[in-house]
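Structure record follows, encoded as structure tokens.
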2 protein chains.
Amino acid sequence: MSESRTRRRGKDLLDAIYTAAIAEAAESGPGRLTMDAIAKRAATARTTLYRRWSDPVDLLLDALAERHPREQPAPGADDLRGDLIAALRLMVDWGFSPAGRAVLAILADPARDPAVVQALWERVFDRHGGTFTQTVLRHYADRGALDPARLTPVVLDIGEAMVTKRIMDTGEAPDDDYLAAIVDQAILPAAGLPPQRI
Amino acid sequence: MSESRTRRRGKDLLDAIYTAAIAEAAESGPGRLTMDAIAKRAATARTTLYRRWSDPVDLLLDALAERHPREQPAPGADDLRGDLIAALRLMVDWGFSPAGRAVLAILADPARDPAVVQALWERVFDRHGGTFTQTVLRHYADRGALDPARLTPVVLDIGEAMVTKRIMDTGEAPDDDYLAAIVDQAILPAAGLPPQRI
DNA sequence: AGTTTTAGCTACAGTCGTGTATCTTATCGT
DNA sequence: ACGATAAGATACACGACTGTAGCTAAAACT
């Protein structure tokens, strides 16, 4: 009838659906995520969605898995501090992408289904290969620049924890000064190095 | 008609409504919070709620403000490490109360209204008087046990950030060993003290 | 005791999302 | 060019929640 002349199919359509699902989740939160809204935003029919997924969260997980950031922090020559800041910057950028917002909301959802969280780790994070600052810290520990014994799970998580909390508190992306402060005042001292500029 | 013989009023009724609202928010998340569910759980009529509040979040904010934890960490004699762990324990307990879960969900809600967050800070946190570890760290800095210059906003926030992230990651309350690890491996080094047991 | 206040009940129209069924037809594979 | 596949449109009954209105009667105040 009033159908547009072209009809999307396969990858094109999937892309549109994934984008719509992540955008909806990022705006409304997983709690308010509906098949209806995803379908409308993707300009497709609800029936098309039901042919593949049984509920909105199932769909969202597929979307997040397909769109997980593959970018890895690439530790440079010999600049631990700079590399750590860069890794946190990567994390902030991701955290403020629609996908990052959606993931944060899923993790903080009090009604979260453990199975969903587990699926999130298996399909998104684990494949992503370690956290952001972790990659950098391990790299420099391997080269002898810092004591591997200091890289406990707690220490490896400091950067991510500080950034996450800051985002939740302010709702805004921390600027480079704040990221530098996290590195100088929290991560480096915990890693056994003298704090830089206080 | 089939109305129960007694009819609650004033504070009794308010208490039931607040409890119901926080419980609902903790279970369903603020996104799925409805007047209907609160009314049903409080065993009152929806009309009664509409007489006082115009929407569920408005109601929830009143409930959280009324129920905010007044318990303060009381720094003891001369045990910085122990007092920090105790402060984090207080925070974990609060974070796992229905109110804490509701607050976390509000802060992580991608659809969060800045006005709601601001109201939350003004009506709940600010009145609470500082964060958990902050009280302890300031106390020992005042007594000269550690360098006040090291107590930057970043350092004062490490404990809360680590606990928050841990709760989001695992969905469970960190045990005392983990809290001790946070204190020993993250907070104390950042505060300029040698890490205790690694 | 009489009056005011307000909790509790019922009903209503309206909106939104669900899950399923049915039909048409664009697109793809061969 | 033809047949298989699947996208797109529409319709439907159902349930949940909304916001308002009107009524009854319990609790509180005088």
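Below, chain A is the first sequence line, B the second, and so on; all start at residue 1.
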Please check the phosphate of C:dA7 (OP1 and OP2 only) for any side-chain N or O of B:Arg52 closer than 4.0 Å. yes
A:Thr44 vs D:dG8: side-chain N/O to OP1/OP2 distance below 4.0 Å: yes
Whole-Å distance separating the [atom1] atom of [X] from the [atom2] atom of [N]:
X: B:Leu49; N: D:dG19; atom1: CG; atom2: C1'; result: 12 Å
X: B:Arg51; N: D:dA21; atom1: CZ; atom2: P; result: 12 Å
X: A:Trp53; N: D:dA6; atom1: CH2; atom2: C1'; result: 13 Å
X: B:Ile38; N: D:dT18; atom1: CD1; atom2: C1'; result: 13 Å
X: A:Asp12; N: D:dA7; atom1: CG; atom2: C1'; result: 13 Å

What I want to find out is whether [X] reaches [Y] closely enough, with some N-O distance under 4.0 Å, to be called a salt bridge.
X: B:Asp142; Y: B:Arg138; answer: no
X: B:Arg41; Y: B:Glu27; answer: yes
X: B:Asp109; Y: A:Arg32; answer: yes
X: A:Asp36; Y: A:Lys40; answer: yes

Below 3.5 Å, does any donor atom in the side chain of A:Arg9 face an acceptor in the base of D:dT5, or the other way round? yes
Determine, for B:Tyr178 and B:Arg166, whether the Lys NZ or Arg CZ falls below 6.0 Å from the six-membered ring centre while staying within 45 degrees of the axis. yes
So what does B:Arg8 touch, heavy atoms closer than 4.0 Å: a base, only the sugar-phosphate, or nothing? sugar-phosphate
How is A:Thr47 classified with respect to the nucleic acid when contacts are heavy atoms under 4.0 Å: base, sugar-phosphate, or nothing? base
Under a plain distance cut-off of 3.5 Å, with no hydrogens placed, do A:Tyr140 and A:Asp83 share a side-chain donor-acceptor pair? yes
Would you say the side-chain atoms of B:Ser97 and B:Arg67 include a donor-acceptor pair closer than 3.5 Å? no
From the candidates D:dA27, D:dA7, C:dT27, the one with an atom nearest any side-chain atom of B:Arg7 is D:dA27
Nucleotides 17-19 of chain C: which of its N/O atoms have a protein N/O under 3.5 Å away?
unit_1: C:dG17; atom_1: OP2; unit_2: A:Asp36; atom_2: OD2; d: 3.2
unit_1: C:dT18; atom_1: OP1; unit_2: A:Met35; atom_2: N; d: 3.3
unit_1: C:dT18; atom_1: OP2; unit_2: A:Met35; atom_2: N; d: 3.3
unit_1: C:dT18; atom_1: OP2; unit_2: A:Asp36; atom_2: N; d: 3.0
unit_1: C:dG19; atom_1: OP2; unit_2: A:Tyr50; atom_2: OH; d: 3.2
unit_1: C:dG19; atom_1: N7; unit_2: A:Arg46; atom_2: NH2; d: 2.9
unit_1: C:dG19; atom_1: O6; unit_2: A:Arg46; atom_2: NH2; d: 2.6

